[in-house]
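Taking it in order: structure first as structure tokens, then the write-up.
Throughout, protein chains are lettered first and strands after them, A, B, ... in sequence-line order, and every chain is numbered starting at 1. Only heavy atoms go into these numbers, but all of them, side chains included; no hydrogens, no water, no symmetry mates. What you see is a predicted model, and the numbers here were worked out from it, not measured in a lab.
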Protein chains: 4
Amino acid sequence: MTNPDDDTPRRAHTGRRRNEDARRAILDAVLVLLAESGGAPVTIDTIARAAGVGKQTIYRWWPSKGAVLLEALTGLAGDVVSPPRGETLRADLTSFVTATFRGARAESTAAVLRSLVREAARDPHAADLVRTFTESRRDALRALLAGHPDELAPDADLDLIVDQLYGLFWYRFLLAHRPLSDEAAGALGAALAAQAGAGSVRP
Amino acid sequence: MTNPDDDTPRRAHTGRRRNEDARRAILDAVLVLLAESGGAPVTIDTIARAAGVGKQTIYRWWPSKGAVLLEALTGLAGDVVSPPRGETLRADLTSFVTATFRGARAESTAAVLRSLVREAARDPHAADLVRTFTESRRDALRALLAGHPDELAPDADLDLIVDQLYGLFWYRFLLAHRPLSDEAAGALGAALAAQAGAGSVRP
Amino acid sequence: MTNPDDDTPRRAHTGRRRNEDARRAILDAVLVLLAESGGAPVTIDTIARAAGVGKQTIYRWWPSKGAVLLEALTGLAGDVVSPPRGETLRADLTSFVTATFRGARAESTAAVLRSLVREAARDPHAADLVRTFTESRRDALRALLAGHPDELAPDADLDLIVDQLYGLFWYRFLLAHRPLSDEAAGALGAALAAQAGAGSVRP
Amino acid sequence: MTNPDDDTPRRAHTGRRRNEDARRAILDAVLVLLAESGGAPVTIDTIARAAGVGKQTIYRWWPSKGAVLLEALTGLAGDVVSPPRGETLRADLTSFVTATFRGARAESTAAVLRSLVREAARDPHAADLVRTFTESRRDALRALLAGHPDELAPDADLDLIVDQLYGLFWYRFLLAHRPLSDEAAGALGAALAAQAGAGSVRP
DNA sequence: ACATAATCGAGACGGTACGTCAGGTCTTTTG
DNA sequence: CAAAAGACCTGACGTACCGTCTCGATTATGT
């Protein structure tokens with residue numbers, strides 16, 4: 001049986017392999033630069049210089065600046081995710097929100113997040129990646145909700161709940177008019193759990 | 001009564017006045033260009049050219065491109081706002097959300113909104129203005145909520161409700177993963193009205 | 001007899017007269033600014049501001065920036081000219097050259113001269129005025145030469161001598177590779193007097 | 001003998017090399033544009049456009065517009081120089097002057113020369129380069145004079161002669177009040193040769 | 001062993017947009 | 001009706017990044 005799998009190209013690879021050190025150096029440089037830049041935009045040239053790498057090495061492996069940022073971010077986010085599995089929906093929801101808010105309060109994550117959005121705002125490629133990324137987060141959240149079927153009203157609009165959660169998160173994160181505090185996380189978790197249990201109100 | 005302030009400067013303005021035609025031409029050109037551009041970024045040169053105006057005239061009155069977009073937008077938004085005054089909180093909330101969603105569905109408004117965000121993503125000046133703008137929208141919404149004191153639980157977290165509403169709005173608007181439909185507006189209005197009435201749940 | 005003189009127009013002037021103070025303020029401001037600027041270009045706005053005058057007032061009376069500079073210059077040059085009248089051609093020539101060189105060494109004159117050339121380099125109007133100005137200087141020099149007919153060879157090429165003198169002057173003045181010293185003035189005066197007496201050499 | 005300096009850099013050049021085609025295209029475009037423009041100023045954008053080159057490629061290699069013009073000019077001047085070597089000083093001088101005048105009469109050269117001066121008038125960088133350029137021309141002329149030591153008076157002021165020649169040249173070239181004719185060249189050559197032979201006149 | 005092939009750092013390239021500056025004109029109010 | 005103030009249009013400037021394209025050098029297979 002011929003294996004059409006991803007990592008089995010028809011013809012074995014010839015030539016020099018990708019330099020893993022370079023990859024790491026680039027992602028690290030991105031994080032360092034973002035942390036130092038204090039919100040100022042980071043350019044490709046700067047990243048390449050800081051990583052001791054040619055620009056082409058970046059463009060060879062990532063389609064755009066935003067893609068690099070995104071990869072750097074997911075590396076970071078992996079630590080934070082920790083899908084909770086508790087007794088009640090409200091507890092799970094609250095701990096999920098709290099973790100999310102805390103991740104965004106860490107300056108290291110926040111800087112990447114912010115730059116990522118900046119990039120997505122003008123690079124359609126980056127925008128696509130952000131869309132995929134946020135999609136996967138929503139899926140995770142939806143799975144969490146689905147894990148408590150007995151606490152969900154039959155006609156509960158899960159998408160509405162998910163989008164309220166992430167909407168509020170991004171809205172506060174980007175505008176920073178109000179902190180992403182643990183208190184807010186608790187209140188939001190409780191409110192959304194209540195919404196899920198109540199279901200849609202009859203018109 | 002001599003009132004020396006407000007509109008009574010000690011010495012009248014001397015020199016040529018600001019050309020109101022130019023101002024209108026610029027704002028109009030922005031709207032037209034955005035509508036035509038189909039999401040592509042619009043440059044200052046293009047605006048100036050289309051308005052039959054020198055670039056400097058734009059920079060004389062607005063600190064950045066985003067500021068122009070914002071002014072163009074508020075001109076548009078003024079028509080949409082229409083603060084409702086109905087019987088129930090739920091009805092008012094729903095009609096407010098519906099109006100907001102509908103405004104964003106109109107391509108003319110949506111294009112400006114989108115470009116505005118794009119600008120804010122890289123022009124700190126524009127970002128500030130967006131902050132002010134969104135602040136005023138939140139205030140309007142909060143006023144609407146405060147207009148129904150008897151339907152609010154004593155410990156209701158109005159800021160949370162406001163941010164859930166606008167958070168979801170922007171989240172869906174920018175990611176476009178789900179439509180800002182009238183149905184969604186109804187559901188959101190109902191859910192938030194219920195939340196406001198229930199107040200915070202005890203931990 | 002009607003006097004066609006400059007300041008007696010046929011029909012009495014109607015309306016406000018030209019403000020002589022403004023004229024002087026402008027010319028003075030030019031000189032001051034040039035002296036202070038140390039060679040840096042001086043703009044019309046700066047002049048207007050320094051003279052406490054509207055830009056239009058400058059353009060009402062002078063066709064371009066260069067024209068203002070030129071008028072400021074001729075005011076200065078008038079003091080320096082002093083057409084000499086001595087015994088010998090050589091003495092007269094030497095004292096003429098010396099006076100010219102000395103005028104250019106005075107920083108006040110030099111700054112104007114330099115800015116004037118700068119202007120002429122890109123303002124055709126100013127260039128015309130410079131042409132007229134230099135023409136008048138050449139005429140003065142030619143008159144000086146003609147004042148010693150007995151010391152001139154019949155076929156002496158006066159234009160050549162004049163241009164050698166002023167050519168060297170401007171060349172050294174603008175390039176500043178060699179000083180416009182009194183010694184140089186003496187040597188040049190002597191050499192040109194000799195040349196004038198010898199006439200053209202047969203080919 | 002290991003000599004690590006001069007033309008033996010430790011590490012060979014890395015990165016893409018300068019594109020010689022672009023360099024030529026730029027210089028050619030300058031000449032063509034100047035010839036066509038008929039004295040009107042030529043902008044960097046126009047040059048870049050005409051050469052099919054990015055503006056930055058010009059700024060990468062030349063510090064200012066004047067520098068580009070100068071390089072274009074020296075390319076042209078190289079053909080004209082032809083240091084003469086004849087029997088008499090007068091003959092050499094005359095042919096040198098004649099060649100110089102003729103070069104300036106050719107519209108192709110004249111346009112570059114004129115624009116070069118225009119640039120030098122406001123770009124200090126270009127002014128420096130012009131100074132270097134004229135310096136080299138004076139050196140060439142001084143070498144020519146030194147080639148006839150027996151025809152020079154012991155106290156002859158060579159610099160004065162050199163500056164008379166080039167002074168007259170530029171003076172007539174820029175003011176254009178009198179042509180740079182072959183006749184003038186002959187007369188000037190003869191006069192200066194006589195000056196050189198006579199030496200300084202005693203005071 | 002030696003050709004083939006892909007990667008790497010470096011950096012030049014064509015472009016697009018930016019925000020600034022100066023010039024010269026036009027307009028309003030004051031004296 | 002001139003003058004001061006100052007807004008206006010024009011057009012060039014020099015800079016910042018972008019994403020692509022060479023370079024020569026450096027690995028890794030394949031034969």
Is any side-chain nitrogen or oxygen of [X] closer than 4.0 Å to OP1 or OP2 of [N]?
{"X": "A:Thr57", "N": "E:dG9", "result": "yes"}
{"X": "C:Trp61", "N": "F:dA3", "result": "yes"}
{"X": "B:Arg17", "N": "E:dT29", "result": "yes"}
{"X": "A:Arg60", "N": "E:dC8", "result": "yes"}

Rounded off to whole Å, could you give me the [atom1]-to-[atom2] distance for the [X] and [N] pair?
{"X": "A:Lys65", "N": "F:dA16", "atom1": "NZ", "atom2": "P", "answer": "15 Å"}
{"X": "D:Trp62", "N": "E:dA12", "atom1": "CH2", "atom2": "C1'", "answer": "13 Å"}
{"X": "C:Asp45", "N": "F:dG6", "atom1": "CG", "atom2": "P", "answer": "12 Å"}
{"X": "C:His125", "N": "E:dG24", "atom1": "NE2", "atom2": "C1'", "answer": "13 Å"}
{"X": "C:Glu119", "N": "E:dG23", "atom1": "CD", "atom2": "P", "answer": "7 Å"}
{"X": "B:Ile47", "N": "F:dC9", "atom1": "CD1", "atom2": "P", "answer": "14 Å"}
{"X": "D:Tyr59", "N": "E:dG15", "atom1": "OH", "atom2": "P", "answer": "17 Å"}
{"X": "D:Asp21", "N": "E:dA12", "atom1": "CG", "atom2": "P", "answer": "17 Å"}

Could you check whether atom CZ of D:Arg49 has more than 12 heavy atoms from other residues, nucleotides or ligands sitting under 6.0 Å from it?
no
B:Ile44 side-chain proximity, nearest of E:dC13, E:dG19, F:dC8:
E:dG19
Side-chain (C:Thr134) to main-chain (C:Val130) donor-acceptor, under 3.5 angstrom
yes
Run through B:Arg18, B:Arg17, B:Arg23 and flag the one making a side-chain hydrogen bond (donor to acceptor under 3.5 Å, both in side chains) with B:Glu20.
B:Arg23
Suppose we screen for side chain to side chain donor-acceptor pair (under 3.5 Å). Which residues come up paired with B:Arg24, at least two apart in sequence or across chains?
B:Asp28
According to side chain to side chain donor-acceptor pair (under 3.5 Å), who are the partners of A:Arg118, at least two apart in sequence or on a separate chain?
none
Find which nucleotide of DNA chain F each of C:Ala22 and B:Ala51 is nearest to by heavy atoms, and output the residue with the more 5' nucleotide.
C:Ala22
Both C:Ala48 and D:Arg122 contact DNA chain F. Which one's nearest nucleotide lies toward the 5' end?
C:Ala48
Can a donor-acceptor pair under 3.5 Å be found between the side-chain atoms of [X] and the base atoms of [N]?
{"X": "C:Gln56", "N": "E:dC26", "value": "yes"}
{"X": "A:Arg16", "N": "F:dT26", "value": "yes"}
{"X": "B:Lys55", "N": "E:dG19", "value": "yes"}

Per nearest nucleotide of DNA chain E, the residue lying toward the 5' end, B:Thr43 or C:Ser64, is B:Thr43
